[in-house]
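First the structure, in the form of structure tokens, and then the observations on it.
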Amino acid sequence: MKTSNSPRAFRAALIAVALGGASTAALADIKDYTFELVDQSVQAGPDKIITVRLMNTKTGKPVPDAVIFATRLDMAPDGMQEMATKVTPVSGAEPGTYKFKATFGMAGRWQLSLGAKVQGETGSVENKLVITAQK
């Protein structure tokens with residue numbers, strides 16, 4: 001007597017389709033990531049800390065282990081893009097949080113421009129955040 005392997009083949013095919021569908025659903029688009037400021041303002045002066053969070057907007061979760069490859073801090077929002085200052089990375093306190101040290105030479109609106117690579121994603125995240133330095 002011969003037994004049929006059709007039910008076994010059918011189950012294997014269903015499992016393959018389910019696994020294949022799950023892997024494509026997990027992929028995100030680079031546009032699903034954004035930086036956000038933890039604090040919108042700082043005191044003007046030397047060695048101030050700026051904290052940003054890289055978020056996955058689809059899941060609402062912070063994204064750890066991104067590679068920050070571009071940083072710039074200038075006064076472009078107040079029409080003084082030539083007024084730039086050095087930005088130095090500082091170790092973050094929690095996953096998905098990125099800290100930078102900078103000198104805010106004067107009160108006003110400063111633009112923090114960031115570029116980052118997210119592991120497993122094609123392309124890069126680029127954001128411009130405005131932070132206010134107060135006297």
Side-chain angles (χ1 to χ4, degrees):
M1 182 170 168
K2 189 174 182 181
T3 60
S4 173
N5 285 333
S6 293
R8 182 182 290 164
F10 182 72
R11 278 189 301 224
L14 281 177
I15 291 170
V17 167
L19 291 176
S23 67
T24 57
L27 295 177
D29 187 342
I30 199 69
K31 295 175 188 163
D32 295 335
Y33 299 94
T34 188
F35 282 102
E36 58 185 38
L37 288 167
V38 172
D39 293 313
Q40 304 293 318
S41 63
V42 296
Q43 292 295 315
D47 298 331
K48 300 302 176 186
I49 300 295
I50 306 164
T51 305
V52 298
R53 208 175 280 117
L54 179 57
M55 299 294 292
N56 180 321
T57 58
K58 293 266 186 186
T59 65
K61 294 182 180 179
V63 179
D65 303 323
V67 177
I68 310 292
F69 65 84
T71 57
R72 178 176 167 84
L73 184 63
D74 61 40
M75 291 193 78
D78 286 344
M80 296 184 280
Q81 47 275 38
E82 67 281 352
M83 180 82 166
T85 189
K86 183 179 174 184
V87 180
T88 306
V90 177
S91 297
E94 56 191 70
T97 300
Y98 304 87
K99 293 185 176 196
F100 305 95
K101 181 170 57 170
T103 297
F104 290 84
M106 62 186 291
R109 294 179 301 152
W110 292 75
Q111 179 173 277
L112 178 62
S113 302
L114 296 169
K117 289 283 193 186
V118 175
Q119 291 184 10
E121 297 294 343
T122 303
S124 58
V125 179
E126 294 180 17
N127 285 129
K128 296 179 188 289
L129 307 170
V130 177
I131 187 166
T132 302
Q134 302 172 340
K135 289 185 182 186

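Heavy-atom basis, side chains included; hydrogens, waters and symmetry copies ignored. Please read these numbers as outputs of a predicted model, since none were measured by experiment.
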Would F100 and L73 count as a side-chain contact (heavy atoms from CB on, under 4.5 Å) here? Give the steps.
CA-CA 10 Å; F100 305 95; L73 184 63; over 6 Å; no
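Interatomic distance, E121 CD to N56 CG, rounded to the nearest 0.5 Å: 8.0 Å. Here CG of N127 is found 10.0 Å from CD of E36. Values are rounded to the nearest 0.5 Å. Taking CD of E126 as the start and OH of Y33 as the end, the distance is 15.5 Å to the nearest 0.5 Å. Separating the CG atom in D32 from the OG1 atom in T59 is a distance of 9.0 Å, to the nearest 0.5 Å. Atom CD1 of residue I50 and atom CG of residue L112 lie 5.0 Å apart, to the nearest 0.5 angstrom.
Residues V42 and I49 share a closest heavy-atom pair of CG1-O, 4.0 Å. Of all heavy-atom pairs spanning P77 and R109, the tightest one is O-NH2, 2.6 Å. Across all their heavy atoms, R53 and P62 have their closest contact at CG-CB, 4.2 Å. When every heavy atom of A44 is checked against every heavy atom of M106, the shortest pair comes out as CB-C, 4.0 Å. Here the closest heavy-atom approach between residue L129 and residue F35 is recorded as CD2-O, 3.5 Å. For K135 against Q43, the heavy-atom pair with the smallest separation is O-OE1, 3.0 Å.
L114 and L37 fall within the same hydrophobic cluster, defined by Ile, Leu, Val, Met, Phe, Trp and Tyr side-chain heavy atoms under 4.5 Å apart, directly or through other members.
Within the 4.5 Å cutoff, no side-chain heavy atoms of T34 are placed close to those of V125.
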When the side chains of residues 81-99 are checked against the rest of the protein, which donor-acceptor pairs come out under 3.5 Å, sequence neighbours left out?
unit_1	atom_1	unit_2	atom_2	d
T85	OG1	T103	O	3.0
Y98	OH	V63	O	2.8
Y98	OH	D65	N	3.3
Y98	OH	A66	N	3.0

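With hydrogens and angles disregarded, no donor-acceptor distance shorter than 3.5 Å links the side chain of D78 to the backbone of M80. Of the possible donor and acceptor atoms, none in the side chain of S113 sits under 3.5 Å from a partner among the backbone N and O of K128.
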